[in-house]
Amino acid sequence: MEKHWLIKSEPDVYSIEDLEADGETEWWGIRNYQARNFMRDEMSIGNPVLFYHSNTDILGVYGLAEVSAEARPDSKQFEEGHRYHDPKSDPDAPTWWCVHIRHVQTFDEPVTREAMKEEPGLADMLVLKPGSRLSITPVTKREHETVMTMARQ
DNA sequence: GCCAACGTTGGC
DNA sequence: GCCAACGTTGGC
């Protein structure tokens, strides 16, 4: 049973354009256990990933990516001086794990948060819940397809 | 810029 | 193990 996901990113930090330019990237820097568990335990190669821009003027899903590598230890947790260095993480049992994602498609127009909120089929979508801060959330197949349909219009 | 929601830390 | 304090996220 294929799983679907939504990943949030602040475009000032890493945008869909950055992902398109890179082609593929390690999704390092996730320091939340729930999000880590999704990556480490549940995401597998080929899973579709909606790429969402947060903390910007037009919020919404800007494109489609997919998981391109299963979770490995986050490379930044052992880098001295790095913002995401974690001195408590043991190299023999790393705390932080992350998948790689690959760019699939940048939408011509983003599917905006406003439009998503008005779509009845997305009423239960986690990213739309007030106060939701989790940067990686599971998405149902139906929600995924609804967003993809909205992107084509 | 504000502030509510949430996760983490640390004193007890 | 509780919980207050604190820092961060992220929509508005």
Side-chain angles (χ1 to χ4, degrees), chain A residues 3-22 25-43 47-67 71-101 103-140 142-151 153:
Chain A
K3 291 179 174 160
H4 301 72
W5 307 94
L6 180 141
I7 285 185
K8 282 194 246 185
S9 187
E10 301 189 24
D12 287 351
V13 178
Y14 197 85
S15 69
I16 188 76
E17 288 81 15
D18 293 324
L19 182 61
E20 183 163 11
D22 290 346
T25 194
E26 176 191 353
W27 204 246
W28 52 264
I30 301 299
R31 296 292 180 269
N32 169 284
Y33 289 104
Q34 212 180 337
R36 178 209 64 184
N37 291 347
F38 283 139
M39 289 200 285
R40 189 190 57 187
D41 305 334
E42 298 197 44
M43 292 174 92
N47 284 181
V49 175
L50 299 172
F51 197 92
Y52 179 94
H53 282 187
S54 65
N55 248 320
T56 187
D57 39 352
I58 301 178
L59 304 165
V61 177
Y62 277 69
L64 179 66
E66 66 178 14
V67 177
R72 314 170 186 174
D74 182 311
S75 65
K76 308 301 182 194
Q77 67 193 309
F78 303 123
E79 272 186 30
E80 203 82 33
H82 193 279
R83 178 177 175 201
Y84 289 102
H85 177 233
D86 183 353
K88 288 181 292 186
S89 185
D90 174 2
D92 293 329
T95 307
W96 304 112
W97 294 71
C98 64
V99 298
H100 288 216
I101 61 171
H103 179 268
V104 174
Q105 178 190 354
T106 302
F107 298 157
D108 293 336
E109 301 289 339
V111 177
T112 66
R113 183 179 179 87
E114 283 300 303
M116 291 165 74
K117 284 197 289 193
E118 282 170 22
E119 170 57 51
L122 301 181
D124 295 326
M125 209 163 165
L126 294 172
V127 73
L128 299 180
K129 303 275 185 198
S132 163
R133 290 170 35 186
L134 196 56
S135 68
I136 298 179
T137 49
V139 169
T140 67
R142 182 174 290 272
E143 287 164 348
H144 176 85
E145 283 168 358
T146 300
V147 171
M148 292 307 292
T149 300
M150 292 168 80
Q153 287 164 1

Could you pull out the closest heavy-atom pair between [X] and [Y], with the gap in Å?
X: Leu128(A); Y: Arg113(A); value: O-NH2, 3.6 Å
X: Leu64(A); Y: Pro48(A); value: CD1-CB, 4.3 Å
X: Asp92(A); Y: Asp90(A); value: N-OD1, 2.8 Å

Notebook entry, point to check: Just checking Lys117(A): base, sugar-phosphate only, or nothing, at a heavy-atom cut-off of under 4.0 Å?
Noted result: sugar-phosphate

Item checked: Arg113(A) side chain near dG10(C) phosphate (N/O to OP1/OP2, under 4.0 Å) -> no

Notebook entry, point to check: According to a strict under-4.0 Å criterion, is Lys8(A) in side-chain N/O contact with OP1 or OP2 of dG10(C)?
Noted result: yes

Starting at atom [atom1] of [X], determine the distance to atom [atom2] of [N], rounded to an integer number of angstrom.
X: Met116(A); N: dG11(C); atom1: CE; atom2: P; value: 11 Å
X: Ile58(A); N: dG10(C); atom1: CD1; atom2: P; value: 19 Å
X: Leu6(A); N: dT9(C); atom1: CG; atom2: C1'; value: 15 Å

Note to self: List the residues meeting side-chain contact (heavy atoms from CB on, under 4.5 Å) with Pro73(A), not counting sequence neighbours, and say none if there are none.
What the structure shows: Gln77(A), Pro94(A), Trp97(A)

Next item on the list: Evaluate the side-chain contact (heavy atoms from CB on, under 4.5 Å) criterion for residues Glu143(A) and Leu6(A): first the C-alpha distance (whole Å), next the side-chain angles of each, then the deciding distance (0.1 Å), finally the verdict.
Entry: CA-CA 10 Å; Glu143(A) 287 164 348; Leu6(A) 180 141; over 6 Å; no

Margin query: So for the helix from dG1(B)-dC12(C) to dC12(B)-dG1(C), with five pairs setting each end axis, what is the inter-axis angle to 10°?
Written below: 10°

Notebook entry, point to check: Looking only at side chains, do Thr112(A) and Glu114(A) share a donor and an acceptor under 3.5 Å apart?
Noted result: no

Margin query: For nucleotides 2-8 of chain B, give me one character per nucleotide, 5' to 3': B if any protein heavy atom sits under 4.0 Å from the base, S if the only such contacts are to the sugar-phosphate, - if neither.
Written below: ---BB-S

Checklist line | Proximity of Phe51(A) and Trp5(A) rings by center, below 6.0 Å | finding: no

Next item on the list: Please confirm whether Tyr14(A) and Trp28(A) have ring centers closer than 6.0 angstrom.
Entry: no

